[in-house]
Peer 1: 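Sharing a structure here in structure tokens format.
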Amino acid sequence: MCTLEQRGRVFVLTLTGDDEHRLSHALIASIRSSVASVAAAAASAGPGTALVTVGEGRFFSNGLDNIWAGTSRERLQGLVDALSPLAADLFALPMPTIAAITGHAAAGGFLLALCHDYRIMRGDRGVLYMSEVDIGLPLPPYFVSVLRSKITAANALRDVTLRGRKLKAAEAKEMGIVDAVCPGPAETAAEAIKLAEQLAARKWDGNVYASIRMSIFPEACRSIGIVEESDEEKRKHFASRL
Amino acid sequence: MEPNNLCTVERRGRVHVITLTGAGEHRLGPALLGAIRSAVAASAGAGALVLAAEGKFFSNGFDQAWARTVPLHLQATMEDAFRALVADLLALPVPTVAAVTGHAAAAGCALALAHDAVFMRASRGFLYMSEADAGIKIIDFFAEIMREKVPDAVVRRDLLLRGDRMPAAEAVRRGMVDVAVEGGVDDVVNAAVGEAEKLAARGWDGDVVVEIRKAAWPKLWSKVKDYGGAGTPAVATPRL
């Protein structure tokens with residue numbers, strides 16, 4: 001399902017196997033467990049860590065496990081509800097996060113990539129695709145919040161959500177959705193790890209980093225159930241560091 | 001106009017020019033913030049306002065040295081004074097132009113962005129949100145300035161989460177600054193004053209300018225309006 005390794009200051013979470021990495025309850029739980037390990041390890045590792053999430057095979061993730069859900073609205077809603085806490089884990093993670101998009105990322109899979117701070121994508125194959133409009137499903141409210149937070153150009157947001165546009169890496173980069181394009185999956189993973197190392201080398205205090213991230217995206221955080229620290233608590237933190 | 005030792009004011013045509021004086025970092029402590037607020041209040045009758053600075057810095061942010069000398073509950077006065085200044089600028093019935101003549105970091109960067117237009121020196125100086133590097137969390141009102149004035153998610157991330165130091169040319173390209181001005185401090189100020197004159201010449205109804213500005217940045221206005229703006233005195237007048 002997924003593996004976690006630590007390479008120096010960089011944690012690498014890999015979605016394993018050459019399948020679609022459909023976000024089932026099992027995979028979501030597995031990823032959450034890995035992310036929780038990363039957060040715990042960061043606490044003892046001290047300032048200066050980073051996370052890279054990468055996929056094996058042709059897919060980063062093809063989204064929620066619609067196949068298992070079938071026609072059951074209950075099952076589908078259950079999956080939607082299960083993904084939200086994972087989004088929260090990532091938005092609250094005390095370190096920079098990078099999605100190495102090594103294959104297709106559709107619907108919930110695209111959302112998972114957007115929950116990271118940076119996105120590096122292979123340019124030779126694979127698309128980013130918010131498929132809901134094409135398959136006749138409304139977007140869950142927190143999906144919209146995250147999309148609106150991360151894709152701020154109005155026409156880009158429209159193309160992604162209302163046109164169901166399938167974005168190759170180069171187009172996504174032009175639209176500000178992807179930060180860098182690499183020739184193939186190996187280069188994508190390598191570039192992501194390199195960026196992770198550069199960001200880790202800045203030695204940011206993880207809690208401060210996460211706090212700043214959450215203050216940049218308050219609506220997305222609210223939509224996935226994160227309660228931001230109060231200004232009062234932030235001021236106390238500032239005072240304690242003077 | 002009487003200069004104080006923190007900032008000077010002068011009129012150039014219809015433009016009220018406030019200059020943060022001296023070669024220092026123009027750290028925004030309560031004293032300097034109070035002086036700037038007084039200077040802003042003295043702009044009555046002008047057609048536009050320019051805020052500029054002498055030396056290498058526009059402003060390097062809050063006065064943390066001052067904050068170290070006071071207990072926690074008094075540190076809020078610096079933050080409150082900054083909020084009040086932003087409110088004053090938002091509620092000012094004339095167009096405002098920041099002449100970023102040098103480095104603008106943290107609160108200094110936010111102060112520049114609180115103006116209607118931003119001119120910046122091309123050859124030296126950068127915008128820098130230093131909080132991530134300094135290990136300081138960003139309170140909601142600061143985040144709001146950045147959310148409203150830097151709407152692009154990627155630029156905001158690079159500035160706030162990566163602590164990018166952004167020189168003028170890049171800031172213009174990324175939509176944070178209006179014009180990068182070649183030359184020295186005086187050239188930047190002259191260019192900003194030129195723009196301010198053009199804006200003043202439009203002869204806009206001041207009340208309308210204020211209402212439109214508050215409507216353009218509604219969340220920011222809501223977070224500062226109780227601290228300053230029209231109706232709140234810039235300086236406490238002694239009653240004895």
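Small disclaimer: the values here were computed from a predicted structure and weren't measured. Every chain is numbered from 1, with letters handed out A, B, ... down the list of sequences. Scope of the values below: all heavy atoms of this structure, side chains included, with no hydrogens, waters or symmetry mates.
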Peer 1: Less than 4.0 angstrom from a charged side-chain N to a carboxylate O is my criterion; do Lys173(A) and Asp179(A) meet it?
Peer 2: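 Asp179(A) and Lys173(A): not salt-bridged.
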Peer 1: Do NZ/NE/NH1/NH2 and the carboxylate oxygens of Glu229(A) and Lys137(B) come within less than 4.0 Å?
Peer 2: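 Lys137(B) and Glu229(A): salt-bridged.
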Peer 1: Considering only NZ, NE, NH1 and NH2 on the basic side and carboxylate oxygens on the acidic side, decide whether Glu5(A) and Arg7(A) come within less than 4.0 Å.
Peer 2: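 Looking at Arg7(A) together with Glu5(A), the answer is yes, because their closest N to O distance falls below 4.0 Å.
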Peer 1: Looking only at heavy atoms and a cut-off of under 4.5 Å, which of Ala132(B), Pro71(B), Ala67(B) has the most pairs with chain A?
Peer 2: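 Top count of heavy-atom pairs under 4.5 Å with chain A: Ala132(B).
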Peer 1: Among Lys234(A), Glu228(A), Lys236(A), Arg213(A), single out the residue with the greatest number of heavy-atom pairs under 4.5 Å to chain B.
Peer 2: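 Heavy-atom pair counts peak at Lys234(A).
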Peer 1: Can we call the ring centroids of Phe143(A) and Phe110(A) under 6.0 Å apart?
Peer 2: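 So the answer is no for these two rings.
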Peer 1: May I ask you to name which of Thr152(A), Asp205(A), Ile151(A) has the most heavy-atom pairs under 4.5 Å with chain B?
Peer 2: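 Of the candidates given, the most pairs with chain B belong to Thr152(A).
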Peer 1: Is it the side chain or the backbone of Glu233(A) that comes within 4.5 Å of chain B heavy atoms, both, or neither?
Peer 2: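 Neither; nothing under 4.5 Å.
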Peer 1: Which bit of Arg156(B) comes within less than 4.5 Å of chain A, counting heavy atoms only: side chain, backbone, both or neither?
Peer 2: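 Backbone plus side chain of Arg156(B), per the 4.5 Å heavy-atom cut-off to chain A.
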Peer 1: Under the 6.0 Å and 45° cation-pi test, does Lys150(A) pair with Phe217(A)?
Peer 2: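 Satisfied, under 6.0 Å and within 45°.
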Peer 1: Taking side chain as everything from C-beta outward and backbone as N, CA, C, O, which of these in Ala153(A) sits under 4.5 Å from a heavy atom of chain B? Side chain, backbone, both or neither.
Peer 2: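 No part of Ala153(A) comes within 4.5 Å of chain B.
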Peer 1: Checking heavy atoms, do the side chain of Glu232(A), its backbone, both or neither come under 4.5 Å from chain B?
Peer 2: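 Interface part for Glu232(A): neither.
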Peer 1: Which atoms of Tyr209(A) are under 4.5 Å from chain B, going by heavy atoms: the side chain, the backbone, both sets, or neither?
Peer 2: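 When you check distances to chain B, atoms from both the backbone and side chain of Tyr209(A) fall under 4.5 Å.
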Peer 1: Between Ala65(B) and chain A, which part of the residue has a heavy atom less than 4.5 Å away: side chain, backbone, both or neither?
Peer 2: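 It is neither, since no heavy atom gets under 4.5 Å.
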Peer 1: Measure distances from Leu72(B) to the heavy atoms of chain A and classify the residue's part below 4.5 Å as side chain, backbone, both or neither.
Peer 2: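 The answer is the side chain of Leu72(B).
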Peer 1: Heavy-atom distance under 4.5 Å to chain B: side chain of Ser211(A), backbone, both or neither?
Peer 2: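 Interface part for Ser211(A): side chain.
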Peer 1: In sequence, state the C-alpha distance, the side-chain angles, and the governing distance for Val86(B) and Phe141(B), and then conclude on side-chain contact (heavy atoms from CB on, under 4.5 Å).
Peer 2: CA-CA 10 Å; Val86(B) 172; Phe141(B) 141 76; 4.1 Å; yes
Peer 1: For Glu144(B), is it the side chain, the backbone, both, or neither that has a heavy atom closer than 4.5 Å to a heavy atom of chain A?
Peer 2: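 When you check distances to chain A, no heavy atom of Glu144(B) falls under 4.5 Å.
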Peer 1: Is there a side-chain contact (heavy atoms from CB on, under 4.5 Å) between His26(B) and Leu32(B)? Walk through the geometry before answering.
Peer 2: CA-CA 8 Å; His26(B) 311 133; Leu32(B) 178 55; 4.1 Å; yes
Peer 1: If you count heavy-atom pairs within less than 4.5 Å of chain A, which of Arg162(B), Met146(B), Gln64(B), Glu131(B) leads?
Peer 2: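 Highest number of pairs under 4.5 Å: Arg162(B).
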Peer 1: Atom CG of Leu157(A) and atom CZ of Arg163(A): how far apart are they, to the nearest 0.5 Å?
Peer 2: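 The CZ atom of Arg163(A) is 13.5 Å from CG of Leu157(A), to the nearest 0.5 Å.
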Peer 1: About how many Å separate NE2 of His115(B) and NZ of Lys149(B), when rounded to the nearest 0.5 Å?
Peer 2: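 If I round to the nearest 0.5 Å, the distance is 9.0 Å.
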Peer 1: Where does Leu199(A) contact chain B at under 4.5 Å (heavy atoms): side chain, backbone, both or neither?
Peer 2: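 Side chain of Leu199(A) only, per the 4.5 Å heavy-atom cut-off to chain B.
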Peer 1: Checking Ser230(A) against chain B: side chain, backbone, both or neither under 4.5 Å from a heavy atom?
Peer 2: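 No part of it gets close to chain B.
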Peer 1: Select, from Asp117(A), Val208(A), Ile177(A), Asn207(A), the one with the greatest count of heavy-atom pairs under 4.5 Å involving chain B.
Peer 2: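 Looking at each of Asp117(A), Val208(A), Ile177(A), Asn207(A) in turn, Val208(A) comes out on top.
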Peer 1: Quick check for you: to the nearest 0.5 Å, what is the distance between Leu199(B) atom CG and Thr96(B) atom OG1?
Peer 2: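 Answer for the CG-OG1 pair, Leu199(B) versus Thr96(B), is 9.0 Å.
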